[in-house]
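Each remark here refers to the structure printed beneath this line.
Numbers for residues simply follow the sequence, beginning at 1. Keep in mind the model is a prediction, meaning the values are calculated, not measured.
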Amino acid sequence: MMKLTIGCALPLLLVPFCAQADEGRYQLEKSGDSYVRLDTQSGEMSICKTQGSQLVCRVAAEERAAFQDEIDRLNRTVTDLEKRISTIENRQRDGSDKLPSEEEFERSLGYMERFMRRFLDIIEDFDRPPNSDGEEIPDRT
């Protein structure tokens, strides 16, 4: 019975501990007329200044460079995608992406029809009873 009580009480004891761990996530250090904020979980640093009654934080320069690199990479990706879309749209206008001709369509249907007929013949062979001599039909596979 004692084990059950401890097992039930343990989660209740951890809730305040988790809340306290979140409260200490950021550390502020005064630096001149501003503050440096350190995220103790990720290691990110921000520069904070008081504006009116609020503390406004901006990303540190090295993180800003990383963000700018990512923005530049995304801009290149967008530019590449726009070029691809333009190429596809131009092909459609030129007619190079048009539907097959009637002759090409009929030829394709002919191939499909021959395939289906042969396939159905194979299925019918499986369904046929043995020869009248009692011999089985040899396996085609």
Side-chain angles (χ1 to χ4, degrees), residues 1-132 134-141:
M1 186 69 164
M2 182 67 155
K3 287 182 182 178
L4 181 62
T5 307
I6 292 173
C8 293
L10 188 59
L12 297 175
L13 295 174
L14 290 178
V15 172
F17 175 73
C18 292
Q20 288 174 356
D22 237 11
E23 287 175 11
R25 178 174 178 176
Y26 297 101
Q27 290 180 344
L28 286 174
E29 292 291 326
K30 182 112 171 116
S31 174
D33 63 342
S34 61
Y35 294 90
V36 176
R37 181 182 71 173
L38 171 67
D39 184 340
T40 58
Q41 288 183 356
S42 67
E44 294 177 355
M45 295 179 70
S46 303
I47 307 297
C48 304
K49 292 188 177 196
T50 53
Q51 291 181 350
S53 64
Q54 294 183 347
L55 188 63
V56 178
C57 298
R58 298 221 167 108
V59 180
E62 60 195 36
E63 292 176 19
R64 187 176 235 23
F67 286 137
Q68 190 60 48
D69 289 345
E70 182 65 10
I71 289 170
D72 293 342
R73 186 189 68 77
L74 291 171
N75 281 333
R76 286 191 302 273
T77 302
V78 167
T79 302
D80 290 345
L81 289 172
E82 287 173 343
K83 285 179 186 175
R84 288 177 62 190
I85 289 171
S86 176
T87 302
I88 290 169
E89 287 174 346
N90 288 337
R91 263 193 269 156
Q92 287 174 344
R93 274 189 240 121
D94 294 345
S96 57
D97 258 3
K98 61 183 178 182
L99 293 173
S101 67
E102 188 68 29
E103 180 183 311
E104 293 169 329
F105 181 73
E106 289 298 326
R107 191 172 1 143
S108 298
L109 279 179
Y111 293 142
M112 243 170 74
E113 184 178 358
R114 283 186 9 220
F115 170 80
M116 289 302 293
R117 286 183 193 275
R118 286 184 187 174
F119 182 73
L120 291 174
D121 285 345
I122 292 170
I123 291 174
E124 286 176 10
D125 285 348
F126 284 123
D127 289 340
R128 284 194 195 129
N131 289 340
S132 59
E135 297 177 21
E136 288 192 26
I137 300 173
D139 195 9
R140 289 182 136 182
T141 57

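Considering every non-hydrogen atom in both L38 and M45, the closest pair reads CD1-CG, 3.9 Å. Scanning both residues, T40 and Y26, for their nearest heavy atoms gives OG1-N, 4.5 Å.
Heavy atoms of other residues, nucleotides or ligands lying less than 6.0 angstrom from CD of E104 number more than 12. When the shell of 6.0 Å around CD of E106 is examined, it contains more than 12 heavy atoms from other residues, nucleotides or ligands.
From K49, atom NZ reaches atom CG of L55 across 11.5 Å, with rounding to the nearest 0.5 Å. Taking NZ from K83 and OG1 from T87, the interatomic distance works out to 9.0 Å, rounded to the nearest 0.5 Å. Within the model, atoms CG of L74 and CG of L81 stand 10.5 Å from one another, a figure rounded to the nearest 0.5 Å. R37 contributes atom CZ, which lies 5.0 Å from atom SG of C48 (distance to the nearest 0.5 angstrom). Taken from CD in E29 to OG in S31, the straight-line distance is 9.5 Å, to the nearest 0.5 Å. Rounded to the nearest 0.5 Å, atoms SG (C57) and CG (D39) are 11.0 Å apart.
Between the side chain of T77 and the backbone N or O of R73 there is at least one donor-acceptor pair closer than 3.5 Å.
Looking only at side-chain heavy atoms (C-beta outward), V36 and I47 come within less than 4.5 Å of each other.
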